[in-house]
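So the structure is just underneath, and the comments pick up after that.
The residues of the chain are indexed from 1 along the displayed sequence. Each ligand, and each atom within it, is numbered from 1 in the order the structure gives.
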Amino acid sequence: MRILITGGAGFIGSHLCERLIGEGHDVVAMDNFITGSPANLAHVKGSSHFTFIKADISEWCEVEGPLDAVMNLASPASPVGYLDNPIATMRAGSHGTYNALEVARVKHARFLQASTSEVYGDPLEHPQTETYWGNVNCIGVRSVYDEAKRYAEAITMAYRRTYGVQTRIIRIFNTYGPRMALNDGRVVPNFVAQAVRNEPITVYGDGSATRAFCYVSDLVDGMLRLLWSDEVMPVNVGNPNEMTVLEFAQAVHAAGQPGCKSDIVFFQPKADRVADDPQRRKPDITRARTILGWEPKVALDEGLRRTIDYFRTIVH
Ligand code: UDP
């Protein structure tokens with residue numbers, strides 16, 4: 001198969017490139033490095049099965065030759081990433097998704113849209129099932145990401161209904177692992193880098209917000225199962241192991257032993273950084289379990305150890 005991955009130099013995109021090349025496929029990765037990095041592709045760069053195109057898919061998306069699949073991951077994805085790049089985020093979700101869908105339509109390729117648990121906003125249903133329509137503040141600071149991804153889902157479904165494109169939609173919940181950007185501001189790189197540097201671990205507010213963290217290899221496995229399946233409705237992929245942010249800080253501290261001397265501190269970030277911060281998040285993965293036969297395998301302590309090992313190589 002020959003597969004285009006937009007956002008291929010990002011955290012998840014780079015793991016997808018590696019996995020697909022390892023399975024013997026040809027990968028074309030596209031990225032403008034707004035939040036991704038060339039370093040993420042160092043391990044696949046020399047492969048004869050790998051091609052890289054530096055481009056902003058909001059402006060342009062063209063690939064020579066046949067394609068069997070398009071996986072559209074191009075977008076800033078961390079709260080700091082999208083709050084610092086609001087217009088680029090909206091353009092990636094709207095113009096970018098349109099351009100990527102056009103490539104899939106013209107090449108008769110199947111299309112997978114990387115969507116997000118953020119489409120549920122600050123959810124009133126818990127855990128979140130795919131049939132929940134969400135609770136998004138459409139004019140809040142996070143709306144640049146949430147609404148762009150909701151639009152991306154809408155246009156993906158419209159391409160399926162109008163042109164018969166074989167579309168798939170994955171709703172990705174919090175994912176972590178090696179190659180997360182050190183300074184992207186998310187809770188995992190923040191806490192892990194703080195633990196590695198023996199700096200205070202900064203729990204925002206009272207640490208009672210909940211998340212559930214999925215290791216990247218599990219996520220990639222679910223993504224590929226969905227891509228090759230026949231399922232056209234959105235599928236949640238994430239780890240349902242819900243915990244408070246404070247409990248997560250304690251888990252990072254424990255995974256950093258022996259050696260981690262960080263204190264866990266409560267910290268008030270600037271108000272716009274936490275506006276509309278979802279208070280509870282946990283995927284209902286019944287659909288992924290039954291349709292894809294998927295479930296997460298990597299336990300949090302093991303995933304955190306691997307992530308800490310990676311951060312030790314990049315933190316100075
Ligand atoms: N958070 C925190 N300390 C940090 C960074 C984030 O307590 O240094 C909290 C944040 O307020 C949120 C949760 O951790 O409740 C997850 O935030 P993240 O930025 O990872 O992304 P989100 O899951 O909101 O997309």
Inset, instruction - May I ask you to say whether Arg91 pairs ionically with Glu59, meaning some side-chain N is under 4.0 Å from a carboxylate O? - result: yes
Where does ligand 1 get N/O contacts under 3.5 Å from the protein, atom by atom?
| residue | atom | partner | partner atom | Å |
| --- | --- | --- | --- | --- |
| ligand 1 | 3 (N) | Thr202 | O | 2.7 |
| ligand 1 | 7 (O) | Tyr204 | N | 2.8 |
| ligand 1 | 8 (O) | Asn190 | ND2 | 2.8 |
| ligand 1 | 8 (O) | Thr202 | O | 3.3 |
| ligand 1 | 8 (O) | Thr202 | OG1 | 3.2 |
| ligand 1 | 8 (O) | Tyr204 | OH | 3.4 |
| ligand 1 | 11 (O) | Asp277 | OD2 | 2.8 |
| ligand 1 | 15 (O) | Asp277 | OD1 | 3.4 |
| ligand 1 | 15 (O) | Asp277 | OD2 | 2.8 |
| ligand 1 | 20 (O) | Val187 | N | 2.8 |
| ligand 1 | 23 (O) | Asn174 | ND2 | 2.8 |
| ligand 1 | 23 (O) | Arg211 | NE | 2.7 |
| ligand 1 | 23 (O) | Arg281 | NH1 | 3.0 |
| ligand 1 | 24 (O) | Arg142 | NH2 | 2.9 |
| ligand 1 | 24 (O) | Arg211 | NH2 | 2.9 |
| ligand 1 | 25 (O) | Arg142 | NH2 | 3.4 |

Legend entry - Carboxylate-amine/guanidinium contact Arg142 Asp277, below 4.0 Å: yes
Inset, instruction - Would you please name every residue forming a side chain to side chain contact (heavy atoms under 4.5 Å, CB included) with Glu295, sequence neighbours left out? - result: Arg289
Inset, instruction - Mind jotting down which residue pairs meet the ring pair (Phe, Tyr, Trp, His ring centres under 6.0 Å) criterion with at least one end in residues 40-60? Sequence neighbours excluded, please. - result: Phe33-Phe52
Inset, instruction - Establish, from distance only, whether the side-chain atoms of Ser117 and Arg281 form a donor-acceptor pair under 3.5 Å. - result: yes
Legend entry - salt bridge (charged side-chain N to carboxylate O under 4.0 Å, His left out) contacts in which one or both residues fall within residues 4-33, not counting sequence neighbours: Glu18-Arg179, Arg19-Glu23, Arg19-Asp221
